[in-house]
Amino acid sequence: MPVAGAASRRPGLDFPQPLCASPRRFQDASHEPGPDMHAYRSHTCGALRLADVGRSVRLSGWVRRVRDHGGLLFIDLRDHYGITQCVADPDSPAFAAAEAVRAEWVIRLDGQVRERPADTYNANLDTGEIEIFVEEIEVLSAAAELPLPVFGEPEYPEDIRLRYRFLDLRRERMHRNIVRRSEIMTSIRRRMTEAGFIEFQTPILTASSPEGARDYLVPSRLHPGRFYALPQAPQQFKQLTMMAGFDRYFQIAPCFRDEDARADRSPGEFYQLDIEMSFVTQDDVFDAVEPVLRGLFEEFAEGKPVSQRFPRIPYAEAIGKYGTDKPDLRNPIEMAPVSEHFRGSGFKVFATLLDKDAQAEVWGIPAKGGGTRAFCDRMNAWAQGEGQPGLGYIFFREGEGAGPVAKNLGPGATEAIRAQFNLAEGDAVFFVAGRPKVFAPFAGQARKKVGEELGLIDTERFDFCWIVDFPMFEWDEEEKKVEFSHNPFSMPQGGLEALETMDPLEVKAFQYDIVCNGVELSSGAIRNHRPEIMRRAFEIAGYDERVLEDKFGGMVRALQYGAPPHGGIAPGIDRIVMLLCGEENLREVVMFPMNQQAQDLMMGAPGEVSPRQLRELHIRLALPEPQKQV
RNA sequence: GGGGGUGUAGCUCAGUCGGUUAGAGCGCUGGCCUGUCACGCCAGAGGCCGCGGGUUCGAGUCCCGUCACUCCCGCCA
């Protein structure tokens with residue numbers, strides 16, 4: 001069998017695009033087959049309709065599927081724009097050629113458009129009322145046996161999908177995701193521009209910054225022993241842009257962080273819609289960003305409702321009600337403290353805990369519809385699987401609270417808890433106890449699990465919220481010191497006075513996140529534009545002035561020469577696209593992603609380089625002992 | 001760095017308590033088939049059971065190690 005390299009070229013994309021997304025024809029009807037016919041096609045595979053019946057056409061594309069009936073043979077021809085059924089019978093001069101083609105070959109064919117017999121219309125295809133009677137076939141590129149099928153949309157191992165990404169991207173769902181990503185990008189640029197923002201470019205090769213994630217480093221040839229760093233975000237550049245007197249900056253900015261991946265966190269690189277504005281308060285930023293995101297989501301949500309106002313939830317309240325600073329508001333469960341019902345009660349485990357530790361609390365997680373022993377036991381087993389001692393519960397049936405907790409707690413307190421959460425027959429409530437700081441993340445997981453298990457989450461919605469009033473500092477248990485909890489450049493609420501007079505751990509920052517359906521889309525802040533406040537903030541976090549000068553010199557200098565109050569935010573593009581494509585994994589919306597180990601299996605990155613390249617960079621390798629084999 | 005899961009045909013998977021020649025679907029090769037669109041029917045090819053070691057009369061199956069992929073924790077201002 002003839003074997004050729006896989007065709008990655010898409011002639012269609014080289015054609016000038018008319019205004020409509022799917023051009024019906026590339027050429028005028030006057031260009032019928034003949035000497036003037038285009039070499040590859042007169043129409044795309046998504047173009048032809050009943051009105052074209054009788055026309056002589058030329059199509060090119062991939063063979064999606066062949067159905068060979070012996071005396072009659074169908075080829076589904078696919079390109080970027082659609083699928084057209086082509087048919088050949090022994091009367092056709094192309095019959096022998098048609099019998100030879102296989103899936104994913106690239107062919108060009110000429111033929112006549114004809115109406116399908118009415119009872120064989122295919123409503124699933126835009127072109128389903130017509131077919132092409134094939135008169136000539138030219139194989140433009142044959143395909144070897146496929147390492148993964150293109151037809152159909154089942155699950156395949158990711159390493160194979162990534163190694164043969166060009167095949168994976170031919171699949172309908174991936175192709176649609178990537179096109180939608182492009183449309184989302186275009187819409188974002190339009191919306192930002194219409195809102196008066198202008199797009200800037202900032203350096204990719206820049207300096208390492210001491211805070212935050214691990215940097216990707218690029219060795220300098222001209223300066224032995226020195227390194228550039230790829231930007232973790234254009235944070236300082238966008239602030240400097242404001243100090244330079246521009247206003248309303250945006251950029252769809254590549255960001256690079258050398259940290260381990262997650263399903264919702266690409267290894268290595270990702271994109272942010274980076275935004276910064278001058279002379280603004282927190283409310284001004286919200287008022288600028290909210291309509292862009294709402295409009296964007298409404299445009300691509302396919303009818304799913306989108307929050308009209310994004311509720312603003314203080315950080316502390318989010319932790320208390322949802323156990324997390326990225327709550328999924330589609331989940332109606334709100335937790336609340338129930339310590340008072342347990343204090344001094346007959347349920348000794350919690351009563352003793354509360355007695356011994358003044359900081360201890362008990363929280364309740366109401367579970368509407370979870371009032372069966374089977375469900376409660378299942379949740380308890382789940383909690384143990386998560387490394388917890390268990391998950392206490394009361395479930396309500398036959399007019400009373402049931403379960404071991406209720407038995408020891410007594411009917412009075414049990415009824416008080418039922419009333420507090422407004423629970424009824426058939427409902428349950430789960431309990432977590434200890435120091436909130438320690439158990440809150442688990443409580444959040446339990447809330448999520450209960451919501452999912454009981455089907456309380458309406459997946460056909462986009463629920464946004466702002467999380468506001470993040471703490472400025474937090475206690476770093478490992479280093480035993482106060483550390484910036486988010487961005488060191490955020491303005492503390494209350495300014496210098498707050499830093500001078502308050503417990504640092506009590507100081508809040510003008511720091512905020514946008515959360516949608518439990519996904520943290522972005523974080524931002526009103527920046528600290530006052531050098532004396534910044535010096536004090538760094539001092540509290542244990543950095544002396546030299547560090548500030550060394551590492552943030554450019555920015556600190558700029559602050560001394562007239563810096564406007566400014567602030568911004570940076571929504572994650574990949575996560576937005578993921579939500580709007582209904583995907584659970586970022587790799588489904590990135591065209592050529594790396595795997596979880598930050599390798600590009602298709603291109604072979606990271607790869608080895610020649611000794612000469614290393615010499616030029618003044619680099620000698622000091623590999624770990626068990627020498628890596630490649 | 002740590003924990004969980006997975007690894008058997010090109011692809012998706014099954015494989016019982018450790019027991020004969022390791023199976024199915026899709027794909028591939030050949031044959032039949034004139035209205036299919038997940039076409040249908042018949043036949044065939046295709047296996048280092050991830051890799052290495054061990055236990056055993058006997059290992060896809062049990063044990064140890066290792067590699068790869070993936071999910072999670074740490075990490076991600």
Side-chain angles (χ1 to χ4, degrees), chain A residues 1 64-78 83-92 95 99 102-104 114 116-125 127-128 131 143-164 167-168 209-215 232-233 235-236 255-268 270 385-387 441-442 445 470 472-474 476 478 483-490 509 511 520 523-525 537-538 541 543 551-552 570 572 584-585 587 595-597 599 601 626 628-629:
Chain A
M1 190 213 295
R64 177 172 177 261
R65 202 129 173 99
V66 181
R67 292 178 297 281
D68 185 351
H69 292 232
L72 186 70
L73 177 151
F74 299 96
I75 296 170
D76 287 342
L77 198 66
R78 181 196 73 233
I83 294 167
T84 300
Q85 173 167 288
C86 306
V87 58
D89 68 21
D91 295 337
S92 166
F95 189 68
E99 281 183 308
R102 293 290 177 267
E104 298 310 309
R114 68 186 197 191
R116 295 191 187 195
D119 58 335
T120 65
Y121 280 11
N122 185 345
N124 298 322
L125 297 181
T127 60
E131 62 194 6
E145 188 172 347
L146 301 169
L148 89 158
V150 172
F151 180 75
E153 300 288 333
E155 296 289 322
Y156 294 99
E158 281 229 74
D159 49 336
I160 292 175
R161 291 182 55 198
L162 293 177
R163 194 179 296 278
Y164 298 96
L167 290 178
D168 193 36
S209 142
E211 294 295 312
R214 197 175 294 115
D215 285 315
Q232 298 181 18
Q235 180 65 35
Q236 293 189 63
C255 304
F256 305 90
R257 296 178 190 176
D258 186 4
E259 296 293 350
D260 289 345
R262 290 287 183 279
D264 65 349
R265 206 168 77 206
S266 297
F270 60 96
E386 295 291 304
F442 168 69
Q445 278 180 284
F470 276 84
M472 181 81 189
F473 302 100
E474 64 190 10
D476 184 334
E478 254 177 49
E483 186 53 275
F484 289 110
S485 72
H486 261 73
N487 184 322
F489 307 127
S490 299
Q511 170 87 43
E520 182 189 320
S523 78
F538 272 74
Y543 299 104
K551 298 299 182 180
F552 305 107
E584 301 279 321
N585 192 305
R587 288 188 292 270
N595 69 5
Q596 198 182 30
Q597 279 75 45
Q599 297 166 302
L601 297 176
K628 290 250 158 75
Q629 297 192 351

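Hydrogens, waters and symmetry mates are skipped; everything else that's a heavy atom, side chains included, is used. Letters A, B, ... mirror the listed sequences (proteins, then strands); counts begin at 1.
In this structure, the side chains of A/L77 and A/R64 stay at 4.5 Å or more apart for every pair of heavy atoms.
The P atoms of B/C62 and B/G18 are separated by 7 Å, rounded to the nearest whole Å. Atom name P, nucleotides B/C13 and B/C71: the rounded distance is 15 Å, in whole Å. Atom P of B/U21 sits at a distance of 37 Å from the matching atom of B/G4, rounded to the whole Å. Of the C1' atoms belonging to B/G47 and B/G23, the separation is 11 Å, rounded to the nearest Å. Straight-line distance between the C1' atoms of B/G15 and B/U29: roughly 27 Å, to the nearest whole Å. Across B/G5 and B/G60, the matching P atoms stand 23 Å from one another, rounded to whole Å. Remark: the separation of the P atoms in B/C75 and B/G7 is 32 Å, to the nearest Å. Nucleotides B/G44 and B/G25 have their P atoms positioned 12 Å apart, rounded to a whole Å.
Put simply, the side chain of A/E131 and the base of B/G35 share a donor and an acceptor less than 3.5 Å apart.
Between A/F74 atom CZ and B/C33 atom P the separation is 16 Å, expressed in whole Å. Going from atom CD of A/E584 over to atom P of B/U70 covers 17 Å, rounded to whole Å. In this structure, the CD atom of A/Q596 is 16 Å from the P atom of B/G4, given to the nearest Å.
Partner assigned to B/U34 is none, using Watson-Crick or G-U wobble distances below 3.5 angstrom. Using N1 to N3 plus N6-O4 or O6-N4 for Watson-Crick, or N1-O2 and O6-N3 for G-U wobble, each under 3.5 Å, B/U66 pairs with B/G50. As the counterpart of B/C75, no nucleotide is assigned, since no Watson-Crick or G-U wobble pattern has both distances under 3.5 Å. Base-pair partner of B/C17: not found among the strands shown (Watson-Crick or G-U wobble, both distances under 3.5 Å). Remark: B/A45 base-pairs with no nucleotide in the shown strands. Criterion, Watson-Crick or G-U wobble with two distances under 3.5 Å. Base pairing annotation: B/C39 forms no Watson-Crick or G-U wobble pair, as no partner gives both donor-acceptor distances under 3.5 Å. In this structure B/U61 sits in no base pair that meets the Watson-Crick or G-U test at under 3.5 Å. As the counterpart of B/G25, B/C11 is assigned, both hydrogen-bonding distances of the Watson-Crick or G-U wobble pattern falling under 3.5 Å.
In the displayed structure, A/R163 atom CZ is contacted under 6.0 Å by at most 12 heavy atoms of other residues, nucleotides or ligands. Annotation for A/Y164: atom OH does not count as buried by contact number, only 12 or fewer foreign heavy atoms lying within 6.0 Å.
Every residue two or more places apart in sequence or in another chain that forms a side-chain contact (heavy atoms from CB on, under 4.5 Å) with A/R65 is listed here: A/R67, A/D76, A/F151.
Both A/P147 and A/E99 sit near RNA chain B, but only A/P147 has its closest nucleotide nearer the 5' end.
A/P117 comes within contact range of at least one nucleobase, with a heavy-atom separation under 4.0 Å. If you check every strand for non-hydrogen atoms under 4.0 Å, A/R163 touches nothing. Using a 4.0 Å heavy-atom distance criterion, A/S523 is classed as making no nucleic acid contact. When heavy atoms are screened at a 4.0 angstrom cut-off, A/D264 is found touching no nucleic acid atom at all. Among the protein residues, A/R114 comes within range of the nucleic acid bases, having at least one heavy atom under 4.0 Å from a base atom. A/I160 comes within contact range of the sugar-phosphate backbone alone, with a heavy-atom separation under 4.0 Å but no base atom that close. Nucleic acid contact for A/L73: none, since no nucleic acid atom lies under 4.0 Å from a heavy atom of the residue.
The side chain of A/Q599 places an N or O atom within less than 4.0 Å of a non-bridging phosphate oxygen (OP1 or OP2) of B/C69. Regarding contacts with the backbone of B/C71, a side-chain N or O of A/R587 is found under 4.0 angstrom from either OP1 or OP2. The phosphate of B/C69 has OP1 or OP2 within less than 4.0 Å of a side-chain N or O from A/Q597.
Note on ring orientation: taking the six-membered ring where Trp is involved, the planes of A/H69 and A/F74 are perpendicular (angle over 60°, cut-offs 30° and 60°).
The minimum heavy-atom distance between A/A103 and A/A143, with the atom names listed, is O-CB, 4.1 Å. Nearest heavy atom pair, residue A/L167 against residue A/V150, reads O-CG2, 3.9 Å. For the pair A/A537 and A/M472, the tightest heavy-atom approach, listed with the atom from each and the gap, is CB-CE, 4.3 Å.
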Could you go through nucleotides 73-76 of chain B and list every protein N or O atom that sits under 3.5 Å from one of its N or O atoms, giving the distance for each pair?
| from | atom 1 | to | atom 2 | distance (Å) |
| --- | --- | --- | --- | --- |
| B/C73 | OP2 | A/R262 | NE | 2.6 |
| B/G74 | N7 | A/R262 | NH2 | 2.8 |
| B/G74 | O6 | A/D260 | OD2 | 3.3 |
| B/G74 | O6 | A/R262 | NH1 | 3.3 |
| B/G74 | O6 | A/R262 | NH2 | 3.4 |
| B/G74 | N1 | A/D260 | OD2 | 2.6 |
| B/C75 | O2' | A/E259 | OE1 | 2.6 |
| B/C75 | O2' | A/E259 | OE2 | 3.3 |
| B/C75 | O2 | A/R265 | NH2 | 3.0 |
| B/C75 | N3 | A/R265 | NH1 | 3.3 |
| B/C75 | N3 | A/R265 | NH2 | 2.9 |
| B/C76 | O2 | A/R265 | NE | 3.3 |
| B/C76 | O2 | A/R265 | NH1 | 2.7 |
| B/C76 | N3 | A/R265 | NH1 | 3.1 |

Distances for protein N/O vs nucleotides 37-40 of chain B N/O pairs under 3.5 angstrom?
| from | atom 1 | to | atom 2 | distance (Å) |
| --- | --- | --- | --- | --- |
| B/C37 | O4' | A/R67 | NE | 3.0 |
| B/C37 | O2 | A/Q85 | OE1 | 3.3 |
| B/C37 | O2 | A/N122 | ND2 | 2.9 |
| B/C37 | N3 | A/R116 | NH1 | 2.7 |
| B/C37 | N4 | A/R116 | NH1 | 3.4 |
| B/C37 | N4 | A/T120 | O | 2.5 |
| B/A38 | O3' | A/R65 | NE | 3.3 |
| B/A38 | O3' | A/R65 | NH2 | 3.3 |
| B/C39 | OP1 | A/R65 | NE | 2.4 |
| B/C39 | OP1 | A/R65 | NH2 | 2.7 |
| B/C39 | OP2 | A/R65 | NE | 3.0 |
| B/C39 | N4 | A/D68 | O | 2.3 |

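No side-chain donor-acceptor contact under 3.5 Å links A/E131 to the backbone of A/R114.
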Stepwise, does the side-chain hydrogen bond (donor to acceptor under 3.5 Å, both in side chains) test hold for A/Q232 with A/D215? CA-CA 7 Å; A/Q232 298 181 18; A/D215 285 315; 2.6 Å; yes
From CA spacing to verdict: ring-ring contact (aromatic ring centres under 6.0 Å, His included), A/F270, A/F256: CA-CA 7 Å; A/F270 60 96; A/F256 305 90; 8.4 Å; no
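Ion pair A/R78/A/E104 flagged as a salt bridge, since at least one NZ, NE, NH1 or NH2 atom sits closer than 4.0 Å to an Asp/Glu carboxylate oxygen.
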